[in-house]
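Before any comments, here is the structure.
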Amino acid sequence: MRVLVTGGAGFIGSHVVDRLLLAGHEVTILDDLSTGTRENVAHHDGERRFRAVFDSVLNDRVVDTLVREADLVLHLAAAVGVKYIIENPLHSMRVNVRGTENVLESADRHRTRVILFSTSEIYGKSPDVPFREDADRLLGPTRIHRWSYSTAKAVDEILGLAYHEKHGLPVIVVRLFNTCGPRQRGRYGMVIPSFVDQAIRKQKITVYGDGTQTRCFCHVEDVVDGVMALLTCDEADGEIFNIGSHEEVSIIQLARRVRQLTESRSEIVLVPYSEAYEPGFEDMSRRVPDLRKIHEFVGYEPKRNLDDILHSVIDHRRTVLDSERALGQDRG
Ligand code: UDP
């Protein structure tokens, strides 16, 4: 297949690209390099079945040309990361709503199948864990920037499902829970690479809030397994799937485990949310996916545990930090 991956130079996108190429597909990426990097896909430079277009999903003409040339679109291009959204509220809304509209309009015009990448932020701060795909959502006020991301992604999902229902466009929605692994960076707020960098650099490990909030982290390779399985599942069209892991850990436990595995003596400190993000910031106390649906459809089951994730991130961050240090570019 000829596959267009928007956001293909991002953390998750680049892992999807690796696997698509390995499976023999032709891949074009469209990425504006806002949070993605050339290095994430540099190992494919010169490959015959790989093409990179560095432009924005807001550029509707480029989107239309690339969608027309594709048999399948994986739409991952988005403004992501709680910190990034809070710092760039206007740009984030535009990219996350208008960008997806562009992709869906072109897919509709050219009858191209789309997998829309959505997020567990959709469920907001609902206390009803584990979250089922058809569960109610609970969001805070519009003034709190965090909720704008959930809202934008909900608009994307609603649009995608409406194209499916009204025009018969094959659209699948996947809601990714906290995804981690090599190539993820802490700069936009993601907790595991942040803690790992702090531990390696012997800096304080900053736990936001009281650290009792929990997350279920899933290795990016497991997430890609789930996505690849859906590619060959026709019954998945018009459906929404959670993808993630069940292994729940509190953020304070996570900080301790990172410190142990890196053999660091970094102090673990608590930072109030209002200081870490913005006044009035709200966090969810638990976030756990219900994974029964994707298991029923394609037999999905994550294979890697938290320690596997941490080892892979620690190895990766050590390599990156060592080479930055050698080049005198350590941004610590
Ligand atoms: N977090 C933290 N310290 C950090 C970054 C994040 O304690 O340096 C917390 C954050 O407040 C949240 C959890 O770790 O409770 C996961 O944060 P992340 O931004 O990775 O993902 P989220 O689940 O919030 O989308």
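Indexing begins at 1, ligand by ligand and atom by atom, following the structure's order.
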Subject >> Full working for ring-ring contact (aromatic ring centres under 6.0 Å, His included) between Phe281 and Tyr208 >> reply: CA-CA 11 Å; Phe281 180 85; Tyr208 301 160; 8.4 Å; no

**OP:** Show your reasoning for whether side-chain hydrogen bond (donor to acceptor under 3.5 Å, both in side chains) applies to His43 and Asp18.
**Re:** CA-CA 9 Å; His43 51 292; Asp18 290 351; 2.9 Å; yes

Original post:
Within 45° of the six-membered ring axis of Phe195 and under 6.0 Å from that ring's centre, is NZ or CZ of Arg317 located there?
Top reply: no

Subject >> Contact residues of ligand 1, where a non-hydrogen atom lies under 4.0 Å away >> reply: Val82, Glu121, Arg146, Asn178, Gly189, Met190, Val191, Ser194, Phe195, Thr206, Val207, Tyr208, Gln213, Arg215, Ile251, Tyr273, Tyr277, Asp283, Arg287

Original post:
Quick one: is the NZ or CZ of Arg175 closer than 6.0 Å to the six-membered ring centre of Phe131, and within 45° of its axis?
Top reply: no

**OP:** Could I get the full list of side chain to side chain contact (heavy atoms under 4.5 Å, CB included) partners for His110, not counting sequence neighbours?
**Re:** Asp64, Val67, Arg68, Ser106, Thr112

**OP:** Could you check whether the rings of Tyr188 and Tyr84 sit parallel, tilted or perpendicular, using 30° and 60° as the cut-offs?
**Re:** perpendicular

